[in-house]
Amino acid sequence: MSAQDEIWILGIHMTKFGKHPDKDLVDLGVEAIQGALADGGVTMADVGVLAAGNLRGGGGIGQQLQKQVGQTGIPVYNVANACATGATALRTAIMAVKAGEVDVGLAVGVEKLAGAGLLAGADRDEDSNVWEPSGRYGAVAEVDGRIGTATMPGVFAQIGMEYGHRYGGANFELFAKISEKNHFHSTLNPLAAYTKAMSADEIMNDVMIAYPNTRPMCSANCDGAAAAVVLNGAKLKTLSKQQQRRAVKVSASILTTDPWEEACQVLPNVNTLTRNAANQAYEQAGVGPEDLDLVELHDCFATAELVHYDNLMLCEEGGAADFFNSGVTWRDGRLPVNVSGGLQSKGHPIAATGIANIWEVCQHLRDEGKQRQIEGAKVGLAHVIGLGSACGVHILEKAA
Amino acid sequence: MANQVPLVDYLVLGDQPHLVANECTQCGARYFDRRNACAGCFGTEFRSVGVATEGEVRAFTIVSMAAPGIEVPFVSAVVDCDGTSVRANVINTPPDPDHVSLGMKVRLATYPMGDDENGTVAVGFGFEPAT
């Protein structure tokens with residue numbers, strides 16, 4: 001592969017995740033962009049394309065951000081892809097660099113979500129005075145709660161339970177222990193929204209949302225942003241030794257959607273598209289799961305983390321419960337997963353998540369992870385999934 | 001007896017209530033919504049087929065927190081009806097982990113949802129324990 005074809009992350013930044021009542025979407029996005037540019041030692045004058053992700057802000061975030069950080073006339077791609085929005089923005093910038101249209105691209109994801117409550121379940125209105133069929137199911141009344149659940153905690157609870165049904169070994173306590181691990185990890189991450197350790201007992205006895213997911217087992221709605229500057233290897237060679245040393249190689253950048261399978265339109269299948277993305281990523285990077293030093297995966301709910309051990313092929317097929325129980329995914333284990341605290345404690349400002357997980361991996365590959373550094377980390381994987389569905393997988397490698 | 005209307009058009013009422021699916025005539029993929037084409041093979045012809053009224057719970061959750069206006073707790077499940085997956089509530093049993101389990105056998109059941117100003121009764125469906 002020629003230097004022109006190589007993709008590198010030059011600069012990357014994430015804001016503190018949490019409640020930011022004094023900052024609007026633009027403030028948070030600007031903070032991430034300026035942080036990423038400063039981290040990479042470049043300015044907006046160097047950037048050839050901007051991909052901007054936001055899901056719930058009303059559209060056009062890229063241009064709003066340009067108006068504060070620099071209107072240089074470059075193309076903006078505003079992207080939205082559910083919880084994979086951040087990864088989609090990054091992938092968009094990477095595709096522009098890979099295509100040779102620009103040398104340097106910028107991706108940002110930003111969301112204001114503090115206090116948003118349950119996602120994807122609409123309030124139920126009063127039934128109408130006359131039963132009148134409407135919509136693609138000819139429904140005479142709202143079906144959420146009458147024909148299953150549309151809310152995310154319930155959908156992902158079923159996804160975890162389905163895995164348990166198929167392979168065994170997954171129960172309420174196991175899912176709580178996965179959450180216990182991530183909350184423990186968060187105590188070392190000052191940028192996480194919640195940094196309190198919780199025991200499995202405390203987690204199981206907390207407020208039930210959708211069995212087996214209690215409140216601490218659900219991703220935390222919060223505000224936050226993350227941004228990354230990407231460039232090709234040829235351009236990187238023209239920069240300083242310091243910039244080259246800190247750059248992180250993107251050895252795979254993959255985005256997939258869910259192929260049709262029986263049941264996938266009844267309960268979203270988050271498994272096959274993740275497995276497909278992982279397979280493609282390992283092949284593109286020329287590495288296997290056994291080469292990974294850390295993984296940030298999309299634990300939007302404790303029940304989701306379990307199935308993704310399997311989908312990312314970190315364990316044998318069907319072996320996710322045993323894999324977790326062996327302790328390997330704790331930060332002192334062989335393959336630490338979600339040392340950031342994961343979405344359950346770090347928080348999940350939707351469009352920021354798919355870049356923030358890459359920031360986390362970069363910290364370790366640059367030996368800049370401070371108190372939560374995974375020593376000697378050379379290869380890491382970041383995974384997100386957006387229901388509907390879209391899956392992003394990036395494999396990152398330390399500069400040689 | 002008052003006029004009845006099903007909650008959704010894939011619920012067929014009468015002496016033996018059952019669900020119907022739109023089945024792709026080319027590849028056999030089944031759907032419950034109005035179709036433009038088949039997501040599996042891109043075919044555009046469908047036939048209406050009956051779905052087995054008995055099945056097995058393949059996945060479930062007990063929803064304790066939902067959007068305003070929705071009664072909780074309730075059990076949401078995916079039921080494997082002889083190879084066709086159906087989304088439905090598990091009804092006529094207490095909504096707790098002692099009464100709902102993975103693999104439990106269930107059968108289709110209907111219930112009245114109330115009448116509208118014309119006196120028409122809407123009928124919903126769920127799956128109840130089969131034993």
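The sequence lines fix the lettering, A, B, ..., with proteins before strands; numbering per chain opens at 1.
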Residue among [options] with most heavy-atom pairs under 4.5 Å to chain A:
{"options": "B:Ala29, B:Pro73, B:Gly126, B:Cys38", "answer": "B:Ala29"}
{"options": "B:Tyr31, B:Phe32, B:Phe125", "answer": "B:Tyr31"}
{"options": "B:Cys41, B:Ser101, B:Ala39", "answer": "B:Ala39"}
{"options": "B:Val8, B:Val63, B:Val86, B:Asn89", "answer": "B:Asn89"}

Item to complete: Check each atom of B:Val57 against the heavy atoms of chain A and say whether the ones under 4.5 Å are side chain, backbone, both or neither.
Response: backbone
Worksheet item: Which region of B:Asp80, side chain (C-beta onward) or backbone (N, CA, C, O), has a non-hydrogen atom less than 4.5 Å from a non-hydrogen atom of chain A, or is it both or neither?
Response: neither
[X] atom [atom1]: more than 12 heavy-atom contacts under 6.0 Å:
{"X": "B:Asp82", "atom1": "CG", "result": "no"}
{"X": "B:Tyr111", "atom1": "OH", "result": "yes"}
{"X": "A:Glu316", "atom1": "CD", "result": "no"}
{"X": "B:Glu45", "atom1": "CD", "result": "no"}
{"X": "B:Glu71", "atom1": "CD", "result": "no"}
{"X": "A:Phe172", "atom1": "CZ", "result": "yes"}

Worksheet item: So B:Met65 and A:Val207, side chain to side chain contact (heavy atoms under 4.5 Å, CB included) or not? Walk me through it.
Response: CA-CA 9 Å; B:Met65 193 167 287; A:Val207 178; 4.0 Å; yes
Worksheet item: Hey, which of A:Ala141, A:Gly154, A:Cys264, A:Gly148 has the most heavy atom pairs under 4.5 Å with chain B?
Response: A:Gly148
For [X] and [Y], work out which heavy atoms get closest and say how close.
{"X": "A:Val140", "Y": "B:Val5", "answer": "CG1-CG2, 3.8 Å"}
{"X": "A:Trp131", "Y": "B:Val121", "answer": "NE1-C, 4.0 Å"}
{"X": "A:Val266", "Y": "B:Ser85", "answer": "CG2-O, 3.3 Å"}

Nearest 0.5 Å, please: how far is [atom2] in [Y] from [atom1] in [X]?
{"X": "B:Ile70", "Y": "A:Arg146", "atom1": "CD1", "atom2": "CZ", "value": "8.5 Å"}
{"X": "B:Leu11", "Y": "A:Ile147", "atom1": "CG", "atom2": "CD1", "value": "8.0 Å"}
{"X": "A:Arg166", "Y": "B:Arg58", "atom1": "CZ", "atom2": "CZ", "value": "7.0 Å"}
{"X": "B:Arg87", "Y": "A:Gln158", "atom1": "CZ", "atom2": "CD", "value": "7.5 Å"}
{"X": "B:Thr84", "Y": "A:Glu262", "atom1": "OG1", "atom2": "CD", "value": "6.0 Å"}
{"X": "A:His165", "Y": "B:Met104", "atom1": "NE2", "atom2": "CE", "value": "12.0 Å"}

Worksheet item: Under 3.5 Å, side chain of A:Arg136 to main-chain N/O of B:Asp33, donor-acceptor pair present?
Response: no
Worksheet item: Does B:Thr61 reach the main-chain N or O of A:Tyr211 with its side chain, forming a donor-acceptor pair under 3.5 Å?
Response: yes
Worksheet item: Can you tell if the side chain of B:Asp116 reaches within under 4.5 Å of the side chain of A:Val130, non-hydrogen atoms only?
Response: yes
Discussion item. If I measure from the heavy atoms of chain B, does A:Val155 come under 4.5 Å with its side chain, its backbone, both, or neither?
Written reply: neither
